[in-house]
Amino acid sequence: MSDASRFVVRRLNWRPAGDRFIRLPGETRLTSFDSFDAAEADRAARESEVRDRVNPFRCGTAWHALTTIPEPMFRDWVADVGLTPPGGGLDPWAAWWAEGHANWTAEQRWHVWAGLNRVRFFEVIERPASAVAFAVVRVMWQYNDQYYEPGSEGGLTVRAYRTRDRAEAECRRLEEQARREWDARHFAETWRWELDSWPALHEEGGFEEDEAFDRRGARLYEVVEVDVGEGAP
Amino acid sequence: VSRTMFLVVRRAVQDDGAGCGDQGGPDTGSRVPLRLFASREAAERRVAELTAEARRTMNPFHLNDYEVPDPIRKYLKKLRLSACPKEQWAEQWEEWWDRCADEMTDDQRAAVWAMFGALVPYEVIEIEVDE
């Protein structure tokens, strides 16, 4: 295997908590590239896409979770680009963003995000190219007396592979077997943190089996790309 | 060819920050796989690093969604931290941490985290890896 570097894009662990998001420990490895520039471009595109959907003042439960800039100075920061800040407190700031951002210029929106320097959703890290493996994970579906739910994330790792192709093949085999044995009498909840709609403050609901698995992409098994640390062959 | 390796995993958490549980208990067994190691010692070192990092960057009260009991509140008072909430409600303590964490010393942050024992549970599991 090569000792060259790979540049890995990771998603930071923001979670919905009530009407806000909070950041919890951990990151999810999403994809990797040969060059930093390509990884950074991917990260920037993902960050931009999320910024189009998320109110940054709903990220964190207090001002210090959003930025290292004290709130009085942040008021000057937004005034520097011609915006009029609201009254103090996260809720007024969140309402200010919700009501105004669609009418601001791209530069003004970018400036506000730049000042909120603790609200970042993705990062790029450098890793050895050979330092990757692929875990096949069984999603831990649970029945809650109304429908099945997959849990927000993770599962039981059943085996790992050094190539994605072999992991995907085993995942497909296990998925097909599990679908044949699936109890189709009850609805399935499809909400799962890793799905594409991240991040969103979802409404929950139940779906028929075909809708859940075939259209919404819920899985009984998943392949998760993982780092390989020191001492591995 | 397969071999046994050591996988560092993080306990899966629900959207409210608590560990993934169900009506059968507080832990469904779900874990998020993070990094593979050839030796258990190396994996345990990584667990220690991750735990230290989590304690440096996150709010411990997010994982503690029950009331903060009297003995812990008394202990926090002894640390001479500023403007501690008088009530036991976890929500107030979450907000307090966000307000005050930047002003605490490393020792004070460590002392608060020490109260929470095994929270932020990273662990090591053995798995078979196909080469």
Side-chain angles (χ1 to χ4, degrees), chain A residues 13 15-18 21-29 60-66 68 131-145 149-163 166-167 170 191 193-194 201-202 224-233, chain B residues 2-3 5-17 20-24 27-39 41-43 45-46 50-51 53-59 61-63 65 91 94-103 120 122 125 127-131:
Chain A
N13 197 10
R15 297 306 191 84
F21 295 96
I22 57 173
R23 187 177 166 188
L24 295 175
E27 305 82 22
T28 301
R29 183 175 172 134
T61 52
W63 187 261
H64 291 273
L66 275 66
T68 56
V132 64
F134 303 89
V136 176
V137 176
R138 177 161 69 87
V139 178
M140 304 295 276
W141 287 84
Q142 307 287 331
Y143 185 63
N144 66 10
D145 276 347
E149 53 188 353
S152 292
E153 63 175 359
L156 177 69
T157 299
V158 293
R159 202 172 183 90
Y161 296 83
R162 296 307 298 265
T163 67
R166 294 182 64 195
E170 177 64 0
W191 193 91
W193 192 243
E194 288 85 352
L201 298 168
H202 285 267
V224 178
E225 190 172 323
V226 296
D227 251 353
V228 178
E230 62 196 81
Chain B
S2 71
R3 57 179 293 183
M5 292 183 73
F6 300 88
L7 180 64
V8 173
V9 296
R10 171 175 59 77
R11 171 116 183 243
V13 293
Q14 300 172 167
D15 49 329
D16 62 0
C20 277
D22 62 11
Q23 52 193 354
D27 185 359
T28 61
S30 278
R31 301 290 185 269
V32 178
L34 299 176
R35 187 174 287 191
L36 270 174
F37 291 87
S39 72
E41 291 73 21
R45 279 198 298 276
R46 182 62 182 158
L50 288 169
T51 301
E53 181 187 349
R55 291 183 172 191
R56 183 172 54 79
T57 58
M58 74 165 290
N59 183 333
F61 294 93
H62 288 322
L63 294 180
D65 59 351
E91 193 175 67
E94 275 186 39
E95 292 175 5
W96 166 78
W97 177 275
D98 282 333
R99 276 199 313 276
C100 302
D102 292 342
E103 299 159 12
V120 196
Y122 294 98
I125 62 172
I127 63 163
E128 287 300 303
V129 179
D130 278 27
E131 300 294 342

Can you measure from OH (A:Tyr161) to OG (B:Ser2) and round to the nearest 0.5 angstrom?
-> 9.0 Å
CD of A:Glu153 to CZ of B:Arg11, rounded to nearest 0.5 Å, is 10.5 Å
Nearest 0.5 Å, what's the OG1-CG distance between A:Thr157 and B:Leu7?
-> 5.0 Å
Name the region of B:Arg46, side chain, backbone, both or neither, that has any atom closer than 4.5 Å to a heavy atom of chain A.
-> neither
Please check if atom CZ in A:Arg138 has more than 12 non-hydrogen atoms from other residues, nucleotides or ligands closer than 6.0 Å.
-> no
Which atoms of A:Arg166 approach chain B - backbone, side chain, both or neither, heavy atom under 4.5 Å = side chain
Results of side chain to side chain donor-acceptor pair (under 3.5 Å) for A:Arg159 - residues two or more places apart only = B:Asp130
Does any heavy atom of chain A fall under 4.5 Å from the side chain of B:Ile127, the backbone, both, or neither of them?
-> side chain
Which atom pair, heavy atoms only, marks the closest approach of B:Arg35 to A:Gly229?
-> CG-N, 3.7 Å
Among A:Asp227, A:Asn144, A:Thr163, residue most engaged with chain B (heavy-atom pairs, under 4.5 Å) | A:Asp227
Chain B heavy atoms under 4.5 Å from A:Tyr143: which part of the residue, side chain, backbone, both or neither?
-> backbone
Part of B:Arg31 lying under 4.5 Å from any heavy atom of chain A | both
